[in-house]
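Chain A is the first sequence line, chain B the second, and so forth, proteins listed ahead of strands; every chain is numbered from 1. All figures in this text were calculated on a predicted structure; none of them were measured in a lab.
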Amino acid sequence: MKPKVAIFSLTGCEGCSLAILELEDRLLDILDAVEVVNFREGMTERTWDIDIGFVDGAVSTPQDETEVRHIREHCTTLVAIGACACLGGLNTLKNHQPEEDYRRYVYGDRAEWFPTITARPISSVVKVDYELPGCPMIKEEFLRFVTHALAGRTFTLPDHAVCVECKKRGNLCLYEKGEICLGPMTRAGCDAICPTYGSKCEACRGILNEDVLKAAGINLREQYNVELDDVLADLQLFGAYQAKALP
Amino acid sequence: MLDRVISRDDLHALIDGLALQRRLIGPVVRKAPECRPPWRYFYQPVDRAEQLDLSFSYCVYSPKPFLFPPQETLFQFERVDGGFTARPQLADRPTALVGVHPCDLNAIQLLDHVFSAAPADRHYRARRDNTFIVGVDCARPCTDGVFCADLDSHEAHGGFDVMLYPLDGDAESAGTTPGRYGVVFGSRAGGEWVRYGRRGEVPTAADERTFDRYQRQKRTAFPHALKTPADELPQLLERSYDSLLWEATARRCYSCGSCNLVCPTCYCFDIKDQTTLGGDGGQRRRQWDGCQLRGFAQVAGGHNFRSRPAARLRHRIYRKAKWIRERTGLRGCVGCARCDRACTARINTVEIYNQLTEEV
């Protein structure tokens, strides 16, 4: 029997759900191997008997929180997809602003109609079995996850920095151009797409571990003459780092 | 002793001839407006000799990826009637690497040694056996921070089919294109390329004198950076295993692996299988690995033999200056300083050796 798969969206742009549909030439292979039973962005039918549930978007409203608990109850395996679901994503930018300000900015004079809570990754509300980070999620990594799940193999994320993939592509390091790229601190798996096209890494796949943050704190203070607040803002952009200062 | 002297135009004609039979790879300049100087050199495929800049300073990456690519498929496998079949995938496209500096030639000699030792690596050998290498000598250090002269890898000791020596370039000003090259043959194929191409002349006594002068000038042009001679680095490291330097330096290390990935002598790799969605076939792939990456020495069950960055930094330095040298008699480091330039934490190998020298 084919595993039953569902794809859900909380607060976010649903770009990660869309990334699945963008696996265009692989979609028929995927549909051969799994049965999609619930996918708002892809179909109208809905059932709630789910083996693997994928969720994009952050928990950013009371409704998200209820919804993700409901989803968790009906999925044997729950997978967070994308920066919003894994880290909180861009939604977490509001966490660093006064609530009054961002509510008025986003909803104008109807702010009181829309309840909102501190934006957070879904793992802070329910147990998450796997995470496929990135903004958007890397569709090749999604495919690798599905392949591993079908074969019963253990899936793991790359345990090294973006620099590895960047160097393998033969890019000129952005540090040589005087930029503070977050590549050395960030989990690989994106094939260093941003540095390859000349933009510094902004850690949309999350920080590798505590050690790299400590190294970053030391290097940025001792080796580089930079505004720490600017680097902090980059680290906060996708919710990779939430604290107010580097260790 | 030179085998030939050749004009720039004749050399270009020979290289263009090479490009008819082989994929031509060599140093090409790319604009980098944010950098100083505002350009960088990279090895890349080209069609004609005139696209190459043989008086380049240094290439950001060594030519290693053309012999040992960052990732490659070793073989394809498929499930067939309860068993499986496997088809090796060998890359044997004829290639010419033109414009390889002595540091990188020394590194290629190490790669040759490592991948040719029994059991030989068929995938490396297939590429290497089909690669024709034209070296070009450096009259002066390519940039600050290199320590090739300390390791005697500012001179070519083999690893080339033909070696070129820029004879009448202005040694004082960078980027001057020499009009004439001294030619030394490194292999039969190299000699045939020049002789059958009917280019270049037999060197005269005056040419040999020019070459002597070139070599004399070169000896004084390369400063030494290490306070311990390279021959004594193994003993220095032997005494430095418990130095506090490792921890003090590695506290800055991101473990990003950049030093490994740009190194012309790093040859470690990892192998992984990629299966199809249905699980009925796939590819066995290998990709570069690096001893500075946290998972490098992690084994089944989760134990990590070098879980701390300091242990990993010490391991790299020991490999480069001690273990590879002791085991192969070859240079584990060629002093190109690519690791130092690539380090996002500005960790510097020359500083490490010199600080250790002062400690003991």
> Short question: side chain of B/Tyr254, backbone of A/Ala161 - any donor-acceptor pair under 3.5 Å?
Replying inline: no
>> Under 4.5 Å from any heavy atom of chain A, what part of B/Ala345 do you find: side chain, backbone, both or neither?
In response: both
>> Please determine whether the number of non-hydrogen atoms from other residues, nucleotides or ligands lying under 6.0 Å from atom CZ of B/Arg285 exceeds 12.
In response: yes
> If you draw a 6.0 Å radius around CG in A/Leu28, do more than 12 non-hydrogen atoms from other residues or ligands fall strictly inside?
Replying inline: no
>> I need the minimum non-hydrogen distance between B/Trp288 and A/Lys168, along with the two atoms involved.
In response: O-NZ, 3.5 Å
> Between A/Tyr175 and B/Arg341, is there a cation-pi geometry (under 6.0 Å to ring centre, at most 45° from the normal)?
Replying inline: no
>> Let me confirm one number: the SG-CG distance from B/Cys343 to A/Asn219, rounded to the nearest 0.5 Å.
In response: 7.5 Å
> Does the side-chain contact (heavy atoms from CB on, under 4.5 Å) test come out yes or no for B/Thr344 and A/Gln223, once each step is laid out?
Replying inline: CA-CA 9 Å; B/Thr344 48; A/Gln223 302 291 321; over 6 Å; no
> CZ of A/Arg46: more than 12 outside heavy atoms within 6.0 angstrom?
Replying inline: yes
> Heavy-atom distance under 4.5 Å to chain A: side chain of B/Thr275, backbone, both or neither?
Replying inline: both
> Are A/Asn209 and B/Arg294 side-chain neighbours, meaning at least one heavy-atom pair lies under 4.5 Å?
Replying inline: yes
> If you look at every heavy atom in B/Arg251 and A/Ile218, which pair is closest and at what distance?
Replying inline: O-CD1, 3.5 Å
> Should A/Leu172 and B/Cys35 count as side-chain neighbours, where that means a heavy-atom distance under 4.5 Å?
Replying inline: yes
> Checking B/Leu277 against chain A: side chain, backbone, both or neither under 4.5 Å from a heavy atom?
Replying inline: both
>> Less than 4.5 Å to any heavy atom of chain A: does that hold for the side chain of B/Gln274, its backbone, both, or neither?
In response: neither
>> If you count heavy-atom pairs within less than 4.5 Å of chain A, which of B/Ala250, B/Pro70, B/Pro69, B/Pro65 leads?
In response: B/Pro70
>> If you count every heavy atom of other residues, nucleotides or ligands that lies below 6.0 Å from B/Glu34 atom CD, does the total exceed 12?
In response: yes
> Are more than 12 heavy atoms from other residues, nucleotides or ligands located less than 6.0 Å from atom CZ of B/Arg286?
Replying inline: yes
> Take atom CD in A/Glu210; do more than 12 heavy atoms of anything else shown fall under 6.0 Å from it?
Replying inline: no
>> Under a 4.0 Å threshold between the charged nitrogen and the carboxylate oxygen, would B/Arg40 count as salt-bridged to A/Glu176?
In response: yes
> For B/Phe296, is it the side chain, the backbone, both or neither that has a heavy atom under 4.5 Å from a heavy atom of chain A?
Replying inline: neither
> Would you say A/Leu150 has more than 12 foreign heavy atoms packed within less than 6.0 Å of its CG?
Replying inline: yes
> Do you know which of B/Ser258, B/Gly279, B/Gly290, B/Gly257 has the most heavy-atom pairs under 4.5 Å to chain A?
Replying inline: B/Ser258
